[in-house]
Amino acid sequence: MHRWSQLFIPTLREAPADAEVASHKFLVRSGYIRQLGAGIYSYLFLGQRALLRVIDVVREEMNKIGQEFLLPAIHPREVWEKSGRWQVMGENMFRLKDRKGGDLCLGMTHEEIVTEIALKDLRSYKQLPQIWYQIQSKFRDEPRPRSGLLRVRQFTMKDSYSFDLDEAGLDVSYQKHYDTYCRIFDRCGLQYVVVEAHSGAMGGSQSHEFMVYTEAGEDMVASCQKCGYAANMEKATSQLAPVQDLPGDGQPEEVHTPGMKTIEDVGKFLGTLPTQEVKTLALMQMEEDKKNPGRQKARPVIVLLRGDHSLNEAKLAGALEGKEFRPMLPEEIVRVFMAPAGFLGPVKLPTASSTALGSETQKILLESLPLVLADNALKGRKNLITGANREDYHLKNVTPLRDFHPTEWVDLRNAAAGEGCPKCGSPLEVGKAMEIGHIFKLGYKYSESMGLRVLDESGKEVTPIMGSYGIGLERILAAAIEQNNDADGFWLPLCIAPFEVLVTPTNVTDAVLLSTAEEIAQKLEAAGFSVLLDDRDERPGVKFKDADLVGIPYRINVGKKVTEGKVEVVSRSTRKSQDANIGDIAATFAQLARP
RNA sequence: CGGGGCGUAGCGCAGCCUGGUAGCGCACCUGCCUUGGGCGCAGGGGGUCACAGGUUCAAAUCCUGUCGCCCCGACCA
């Protein structure tokens with residue numbers, strides 16, 4: 001049994017001024033964590049205990065599908081050079097030098113390391129499939145650490161890696177992780193959704209994120225109540241309700257729109273709807289100039305969206321094959337469009353069209369012309385309103401493919417709440433969420449680049465296919481707190497709480513109360529519960545406030561009613577209290593906590 | 001890296017504009033008192049005012065620079 005009076009549980013009456021989200025405020029106030037630097041935290045007694053409980057759950061479930069390893073946190077440069085990610089990871093990688101001047105880095109993920117192991121010791125298809133996992137600190141020099149434990153530079157990750165002979169095998173390993181992750185998050189009491197996701201820097205063909213809805217989250221998720229479709233906004237699509245085109249079949253015609261620079265202004269002025277207008281965004285794509293290494297080359301990118309739609313930058317990044325982009329500067333806009341922002345449009349602009357590939361010189365010429373990317377929602381529309389590329393003028397009767405020709409049609413817009421689910425058509429919901437787990441089908445990216453081969457049944461060399469899978473363990477804790485808190489503190493689900501029950505004698509100077517509390521704590525411990533005894537010589541109010549704060553799901557008050565042979569059992573989440581006989585406290589409590 | 005904000009006791013803040021004694025609440029220590037929701041009274045300890053340089057007889061306060069932290073954007077568990 002742990003006695004509070006002997007422990008270091010530095011609770012705070014007030015949250016630090018720079019804590020914004022609930023989990024951050026309460027983790028600090030409850031004495032779970034202390035900050036050392038931006039995105040660097042110490043876990044104190046209660047915090048570490050909760051984290052260890054999370055680890056227990058994760059380990060128990062992972063052991064059912066994989067083998068636990070422990071990989072190094074310091075990696076030599078050479079391994080990362082093999083996959084090409086020494087460069088790719090850029091500033092996010094913590095780098096250091098050893099005494100001989102050799103380059104090292106702190107591990108931010110371990111695809112290279114497991115592949116290196118596989119490279120040396122996987123020889124035959126008979127050794128496949130493999131699932132290897134570890135629970136270990138990861139180091140990432142985040143550009144912006146945030147929100148307490150939500151985004152930090154050192155964190156604990158459960159990461160696993162699968163090796164299979166073929167895609168069918170990968171599907172099995174992937175599904176195993178999917179199911180295991182569901183079990184883990186279910187056991188941790190989290191309400192989460194699994195969403196289709198964007199694979200990002202990991203690469204690969206398919207990926208799912210496990211997301212917990214919370215205002216503290218950094219991602220937006222679109223989901224359908226009816227059919228269960230759910231996707232990160234970076235991927236989400238939707239069915240659009242039909243919209244009315246403007247009547248007629250006239251040719252583009254300039255209309256005078258003095259000072260009307262926004263979709264709304266133009267709509268009001270001309271009596272049209274945003275859905276009947278084209279939003280023209282002027283961007284510059286930035287890429288390495290091959291002729292002048294080290295210098296950047298800019299290429300105009302014109303994005304066309306329906307007037308009421310917004311650009312999804314992740315989708316655009318996908319369309320530009322990951323090249324960086326930025327908004328055009330005012331002088332660049334004038335150079336490309338010969339008109340100021342607010343009056344831009346695609347008609348009569350010299351643009352790169354995919355049909356016009358000719359000679360080498362034409363190609364070079366083409367490469368400097370603006371790319372025009374049109375969102376699919378403009379397909380089949382007619383008589384739209386666009387800027388006229390002349391100050392104070394717009395064009396009406398603009399019809400795509402007649403009056404302008406996009407380089408490419410793509411999905412670029414953000415899906416929005418209320419639009420139709422792409423699968424079943426019922427209205428989509430959009431909410432903020434935080435990512436707690438992510439699974440990837442990596443494909444051959446690492447096995448190929450690092451030269452992993454095994455012999456198949458026929459003695460032929462084949463490249464194994466890989467998957468990688470991660471869970472942010474601190475985020476499970478933070479998500480649980482985001483989900484379960486009120487003005488006074490938070491409560492953790494039983495299986496990840498640092499203690500399951502807190503026994504609170506209201507006055508320890510009363511020898512009967514104290515000894516009764518000790519007896520109860522002993523009985524509960526003997527019954528297999530983890531118990532914290534608040535034996536501090538404090539007033540009851542102080543103890544109750546602390547009890548509400550620190551996340552322990554149940555509390556037993558040992559007070560006045562002891563004379564009647566009774567104590568109170570209080571549930572932190574519901575605040576419901578029930579009297580229990582001291583004699584059979586263990587049985588009563590077990591019924592409540594483990595029904 | 002772009003934009004915004006903040007650095008004064010463990011925590012939360014005032015003081016800075018208008019330069020001259022470093023202050024409040026909570027926490028902490030001692031004693032008394034009190035014991036079902038951060039109780040009361042009395043006494044007490046704790047500060048290189050982020051750092052460096054400058055202006056000045058004199059700098060927490062004015063000027064310059066640096067660093068750190070937080071928030072908003074591009075990245076991710």
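Since the model is a prediction, treat every value here as computed from it, not as a measurement. Residue numbers begin at 1 in each chain, while the letters A, B, ... track the order of the sequences.
- Of the listed nucleotides (G36(B), A74(B), C76(B)), C76(B) has the atom at the smallest distance from the side chain of Asp219(A).
- Within 4.0 Å (heavy atoms only), Pro143(A) reaches at least one base atom of the nucleic acid.
- With the nearest nucleotide of RNA chain B identified for both Pro16(A) and Asn557(A), Pro16(A) has the one nearer the 5' end.
- Closest non-hydrogen pair, Arg187(A) versus Glu60(A), comes out as NH1-OE2, 3.4 Å.
- For Arg144(A) and A77(B), the CZ to P distance is 18 Å, given to the nearest whole Å.
- The base of G10(B) has none of its N or O atoms less than 3.5 Å from a complementary donor or acceptor on the side chain of Glu14(A).
- Counting only heavy atoms from C-beta on, Arg29(A) has its side chain closest to G38(B) among C76(B), G38(B), C72(B).
- More than 12 heavy atoms of other shown residues, nucleotides or ligands fall within 6.0 angstrom of atom CD in Glu81(A).
- Between Tyr32(A) and Phe490(A), the distance from one ring center to the other falls under 6.0 angstrom.
- Looking at the side chain of Glu20(A), the nearest of the listed nucleotides G12(B), C71(B), G36(B) is C71(B).
- Counting non-hydrogen atoms under 4.0 angstrom, Glu313(A) reaches the backbone sugars and phosphates but no base.
- Atom-to-atom, CG of Leu513(A) to P of G36(B) comes out at 10 Å; the value is rounded to the nearest Å.
- Taking atom CD on Glu568(A) and atom P on G37(B), their separation rounds to 12 Å, with Å as the unit.
- When heavy atoms are screened at a 4.0 angstrom cut-off, Glu142(A) is found touching base atoms of the nucleic acid.
- Here the P atom of nucleotide C69(B) and the CD atom of Gln35(A) are 7 Å apart, to the nearest Å.
- Protein atom CE of Met211(A) is 11 Å distant from nucleotide atom P of A77(B), rounded to whole Å.
- Looking at heavy-atom distances under 4.0 Å, Arg151(A) makes contact with a base.
- Scanning atom types as modelled, one donor and one acceptor separated by under 3.5 angstrom connect the side chain of Arg555(A) and the base of G37(B).
- Checking Thr506(A) against Gly37(A), the closest nucleotide of RNA chain B that is more toward the 5' end is the one next to Thr506(A).
- Side-chain proximity of Asp18(A) to the nucleotides G37(B), C76(B), C70(B) is greatest for C70(B).
- Nucleic acid contact for Asn92(A): sugar-phosphate only, since backbone atoms but no base atoms lie under 4.0 Å from a heavy atom of the residue.
- Residue Ala15(A) is classed as a sugar-phosphate contact, given heavy-atom separations below 4.0 Å to backbone atoms only.
- Residue side chain Asn507(A) does not reach the base of G36(B) through any donor-acceptor N/O pair under 3.5 Å, judged by distance alone.
- Here Ile436(A) lies in heavy-atom contact (under 4.0 Å) with sugar-phosphate atoms only.
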